[in-house]
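All values reported here derive from a predicted model rather than from experimental measurement. Numbers restart at 1 for each chain; the letters A, B, ... are given by sequence-line order, proteins then strands.
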2 protein chains.
Amino acid sequence: MGPTKGDLQLLRGHNRGLIVDLLRHRGPMSRTKLSHLSGLAPSGLTRMVRDLLAEGLIQEQGKCCSHGGRRAVLLGFNPSYASTVGIKVERTRIRAARVDLAGKILDRVDVPLPDAPSPDGVFERIGETVEDLRRGRVLGVGVGISGLVDSSRGIDLYSPILAWRHVEVTGPLSRLLGIPAWVENDVNALTLAERLYGAGRPFRHFVCLTVGEGIGAGVVLQGELYHGAFGGAGELGHITMDPQGPLCRCGARGCLEVYASDGYLETQAHRLDFTDIACMAKAARNGCELARTTFAEMGRSLGQGAKNVVNLLNPEALVLGGERMEDADLFLPEFEHEVRRNAFPEEARDLTILSAELGADGFLIGAAALATESFFQLPLEAA
Amino acid sequence: MGPTKGDLQLLRGHNRGLIVDLLRHRGPMSRTKLSHLSGLAPSGLTRMVRDLLAEGLIQEQGKCCSHGGRRAVLLGFNPSYASTVGIKVERTRIRAARVDLAGKILDRVDVPLPDAPSPDGVFERIGETVEDLRRGRVLGVGVGISGLVDSSRGIDLYSPILAWRHVEVTGPLSRLLGIPAWVENDVNALTLAERLYGAGRPFRHFVCLTVGEGIGAGVVLQGELYHGAFGGAGELGHITMDPQGPLCRCGARGCLEVYASDGYLETQAHRLDFTDIACMAKAARNGCELARTTFAEMGRSLGQGAKNVVNLLNPEALVLGGERMEDADLFLPEFEHEVRRNAFPEEARDLTILSAELGADGFLIGAAALATESFFQLPLEAA
DNA sequence: CCGCTTTCTTCGCACTGTGAAGAAAGCGGG
DNA sequence: CCCGCTTTCTTCACAGTGCGAAGAAAGCGG
């Protein structure tokens with residue numbers, strides 16, 4: 001059971017994973033620095049690094065400037081060691097991308113979907129798409145779908161856009177493709193991407209909010225995506241703002257989504273005789289007071305909802321994404337004001353509010369990252 | 001650096017901790033069963049168990065009934081191996097208890113505190129109290145205080161009842177006592193106790209709500225207390241129920257605490273010409289409609305707040321504690337109805353709602369458990 | 001060229017994991 | 001009572017990987 005060098009194999013042992021993770025996330029560094037950061041003795045590192053170099057997972061990347069003695073050899077993670085595929089299933093199409101181990105998109109493909117597709121039909125399309133993208137060593141596939149997903153069991157519990165209920169995803173897919181498959185709620189995938197490669201990098205605890213058709217939220221706690229008991233965490237869109245408010249499509253009254261979503265903006269736009277949201281946004285930017293207050297109201301409502309999240313979870317940051325962030329200039333000031341106003345001071349003081357960095361690519365990068373992270377996951381017991 | 005047998009020492013190595021944890025939490029079992037559950041080979045277990053027996057951490061506890069072959073020897077954790085001390089600092093007194101490693105209270109002491117005590121004064125009292133309780137091997141001391149606590153740094157950030165701000169607690173205390181000290185928010189300590197020894201045992205994700213003078217919440221995610229960025233997680237009492245509601249002592253409007261706390265009940269009691277809450281509760285139980293609706297209203301408000309928690313965190317259970325649970329019969333039905341009503345069905349379906357099991361002792365048991373759990377914590381790297 | 005620093009490697013040893021083989025303990029049938 | 005069967009636990013030799021100590025390699029500066 002020795003290491004069959006050069007072969008694709010799961011990383012064995014804690015410390016091996018620890019070293020690779022340090023190189024993945026804290027950039028190139030010397031063996032000595034690795035030794036300090038990991039707490040391992042330099043002797044052990046020499047042996048481990050020799051193996052990792054032989055396997056191609058890491059590379060020597062020139063020498064560091066001298067500190068008065070022998071110059072340190074920089075070791076770097078090799079993002080081209082392998083790649084993963086990330087997929088987003090939408091109502092009418094599949095978006096897919098092959099992504100390297102550092103989160104960079106290498107190739108991409110879009111394929112259309114028929115109306116109300118069956119699970120097997122979608123899996124087949126995904127299969128073709130992945131084969132299309134397959135190049136070099138592909139470690140696995142991650143799929144993002146809107147709705148309720150139990151990612152640990154690989155099941156789509158409920159997808160409104162595809163009208164699926166309790167559909168097994170990862171089982172059939174990994175059998176079809178011959179490589180591991182993962183499935184995750186799309187906003188969670190986006191959140192993971194921002195966590196690893198985007199605005200969430202500096203934070204151990206943050207919440208990623210998406211504003212668009214609905215309101216989504218991905219929650220990162222202790223550095224990891226938090227799913228809740230069965231994948232239903234982060235239903236920010238349906239917290240109650242006003243028990244006497246208007247009816248929401250979910251059946252309750254006064255949900256946040258009623259006051260802060262594209263639906264709200266569209267309703268208001270029509271009421272104010274604008275053809276669509278874009279029109280109203282333009283007017284707002286040209287000084288139309290009514291249009292301005294519409295966006296401001298939405299910002300305020302969103303802020304009130306987010307304040308609850310801040311009070312409950314005490315995150316370090318809020319990361320805002322989603323399509324409506326195009327008009328961030330029109331509602332962000334009110335949002336921020338509301339979040340910080342009267343929030344428990346201790347909590348809100350250090351709260352950072354920033355925009356997502358990866359845009360719509362984040363969905364694909366995050367989906368691919370499901371496979372990547374699982375590959376590099378530290379094994380919990382020494383094997 | 002070999003194991004100096006019989007000596008008090010930190011548990012080294014993952015698997016050693018894993019085995020002890022299995023015996024601590026899953027009751028007595030044979031070496032063979034341990035081998036199955038841990039994934040370790042039986043040969044390794046023999047060696048490890050020999051060491052643990054020699055150290056007195058575990059014991060042989062008779063034999064199991066036969067399965068058709070040699071009868072299995074049951075191994076059990078030894079809760080008398082050592083003890084820890086749990087302390088709750090209140091406005092006028094200190095409550096303390098020595099607790100064994102299974103969460104059973106062995107001895108207890110109460111000592112009064114002067115008005116507005118200085119940190120050093122309190123530490124001195126704690127020191128005397130712990131010396132009083134010191135018997136056998138005491139692994140450490142845990143302290144629970146209401147208010148904002150940064151438990152990872154051992155600092156009381158803000159305690160309204162003691163008028164402390166940014167007071168270092170664990171540093172001075174552990175120097176004074178010569179054993180490790182921990183500090184934690186009191187409701188978090190209670191939550192930990194319920195997690196380990198009470199109603200929260202079966203759950204990996206749950207929220208413990210306390211209803212009384214204020215509303216407190218302790219959050220357990222992935223089986224562990226969640227603190228947030230700096231200990232401020234779980235501020236359920238100050239989520240906004242109604243932006244236009246009455247002013248709260250925190251400065252915001254329409255906080256949950258305004259609608260569901262002893263303060264609310266007292267106000268209503270006076271308005272209805274009852275002398276106090278107990279009186280009103282009695283009347284409610286005797287059929288007084290006005291008194292009944294007062295409690296029912298509180299239950300409904302609490303339920304609305306809790307629904308937000310359920311939507312955001314998707315826990316498996318809510319555990320309800322605090323002094324006001326004396327009157328649980330008067331508000332629990334409305335509470336439960338409201339939590340489940342219109343909550344996203346998937347989320348609420350499997351939600352369990354139950355009462356805390358440990359009562360006021362939970363604060364002490366949980367505080368002591370801070371020391372206990374830290375002693376048994378799995379080391380993250382093999383040492 | 002020599003000494004000094006820093007970086008990395010080699011070496012032997014200890015701990016703890018593994019599988020294979022065997023000893024120990026209990027059941028039940030002839 | 002003995003023998004075979006099962007299950008449980010132990011012993012043994014070996015491998016992987018951690019450690020510290022010592023030393024080699026590489027660069028700086030006089």
Side-chain angles (χ1 to χ4, degrees), chain A residues 1-5 9-20 23 28-55 58-76 378-383, chain B residues 1-5 9-20 23 28-55 58 60-75 378-383:
Chain A
M1 281 260 284
T4 42
K5 288 183 186 170
Q9 59 180 333
L10 285 179
L11 297 170
R12 296 148 307 126
H14 258 111
N15 291 334
R16 203 179 144 85
L18 179 63
I19 295 304
V20 174
L23 290 176
M29 63 179 96
S30 69
R31 289 167 176 79
T32 307
K33 192 162 179 205
L34 271 178
S35 163
H36 284 132
L37 285 179
S38 67
L40 296 179
S43 50
L45 266 167
T46 291
R47 189 164 36 194
M48 193 180 285
V49 163
R50 184 168 42 224
D51 292 356
L52 291 171
L53 283 170
E55 289 164 32
I58 66 175
Q59 301 165 319
E60 300 204 333
Q61 299 187 340
K63 309 198 171 202
C64 187
C65 57
S66 167
H67 291 272
R70 174 175 173 176
R71 291 197 303 175
V73 178
L74 286 180
L75 300 169
L378 299 180
L380 288 178
E381 302 149 39
Chain B
M1 283 255 287
T4 42
K5 289 185 186 169
Q9 59 180 335
L10 286 180
L11 298 169
R12 298 146 308 126
H14 259 111
N15 292 334
R16 205 179 143 86
L18 179 64
I19 296 304
V20 175
L23 290 176
M29 63 180 94
S30 68
R31 290 166 174 79
T32 306
K33 193 163 177 203
L34 272 178
S35 163
H36 283 131
L37 285 177
S38 67
L40 296 178
S43 49
L45 266 167
T46 290
R47 191 163 36 196
M48 194 180 284
V49 163
R50 184 168 43 223
D51 292 355
L52 291 171
L53 283 170
E55 290 164 32
I58 66 175
E60 300 204 333
Q61 300 187 338
K63 308 197 174 207
C64 186
C65 58
S66 167
H67 290 272
R70 173 175 174 176
R71 290 197 304 176
V73 178
L74 285 180
L75 299 169
L378 299 180
L380 287 179
E381 302 148 39

- Query: Is any side-chain N or O of A:N15 closer than 4.0 Å to OP1 or OP2 of D:dG18?
  - Reply: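 Yes, within the criterion.
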- Item | Contact under 4.0 Å: A:K63 side-chain N or O vs D:dA26 OP1/OP2 |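 False: A:K63 side-chain N/O out of range (4.0 Å or more) of D:dA26 OP1/OP2.
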- Message: With a 3.5 Å distance limit and no angle check, can you tell me whether A:S35 reaches the backbone of A:L40 through a side-chain donor-acceptor pair?
- Response: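 Confirmed, A:S35 side chain pairs with A:L40 backbone.
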[N] [atom2] sits how many Å from [X] [atom1], rounded?
{"X": "A:M48", "N": "C:dT9", "atom1": "CE", "atom2": "C1'", "answer": "15 Å"}
{"X": "A:L75", "N": "C:dT9", "atom1": "CG", "atom2": "P", "answer": "9 Å"}
{"X": "A:D51", "N": "D:dG18", "atom1": "CG", "atom2": "C1'", "answer": "14 Å"}
{"X": "A:R16", "N": "D:dG18", "atom1": "CZ", "atom2": "P", "answer": "10 Å"}
{"X": "B:I19", "N": "C:dT16", "atom1": "CD1", "atom2": "P", "answer": "13 Å"}
{"X": "B:L40", "N": "D:dC9", "atom1": "CG", "atom2": "P", "answer": "15 Å"}

Contact list (N/O, under 3.5 angstrom) for nucleotides 5-7 of chain C vs protein:
residue : atom : partner : partner atom : Å
C:dT6   : O2   : A:R70   : N            : 3.1
C:dT7   : O2   : A:R70   : NH1          : 3.0

- Could you check if a side-chain atom of A:N15 sits within less than 4.5 angstrom of a side-chain atom of A:S38, using non-hydrogen atoms only?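 Heavy-atom side-chain distance check fails, nothing below 4.5 Å.
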- Query: Do B:L75 and B:E60 have side-chain heavy atoms sitting under 4.5 Å apart?
  - Reply: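 B:L75 vs B:E60: side chains touch.
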How long is the gap from [atom1] on [X] to [atom2] on [Y], to the nearest 0.5 Å?
{"X": "B:L74", "Y": "B:I58", "atom1": "CG", "atom2": "CD1", "answer": "11.5 Å"}
{"X": "B:K33", "Y": "B:L45", "atom1": "NZ", "atom2": "CG", "answer": "14.0 Å"}
{"X": "B:R16", "Y": "B:E55", "atom1": "CZ", "atom2": "CD", "answer": "4.5 Å"}
{"X": "A:M48", "Y": "A:R31", "atom1": "CE", "atom2": "CZ", "answer": "12.5 Å"}

Using Watson-Crick or G-U wobble geometry with both distances under 3.5 Å, which nucleotide pairs with [N]?
{"N": "C:dC15", "answer": "D:dG16"}
{"N": "C:dA24", "answer": "D:dT7"}
{"N": "D:dG30", "answer": "C:dC1"}

- Between A:L45 and B:L45, just flag the one whose closest nucleotide in DNA chain C comes earlier from the 5' side.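 This one resolves to A:L45.
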- Between D:dT10, D:dC19, C:dG17, which nucleotide has the shortest distance from any of its atoms to the side chain of B:P42?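 Nearest nucleotide to the side chain: D:dT10.
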- Shortest side-chain distance from B:R47, nucleotide among C:dC8, D:dC19, C:dG17: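 Of all the options, the side chain of B:R47 is nearest to C:dG17.
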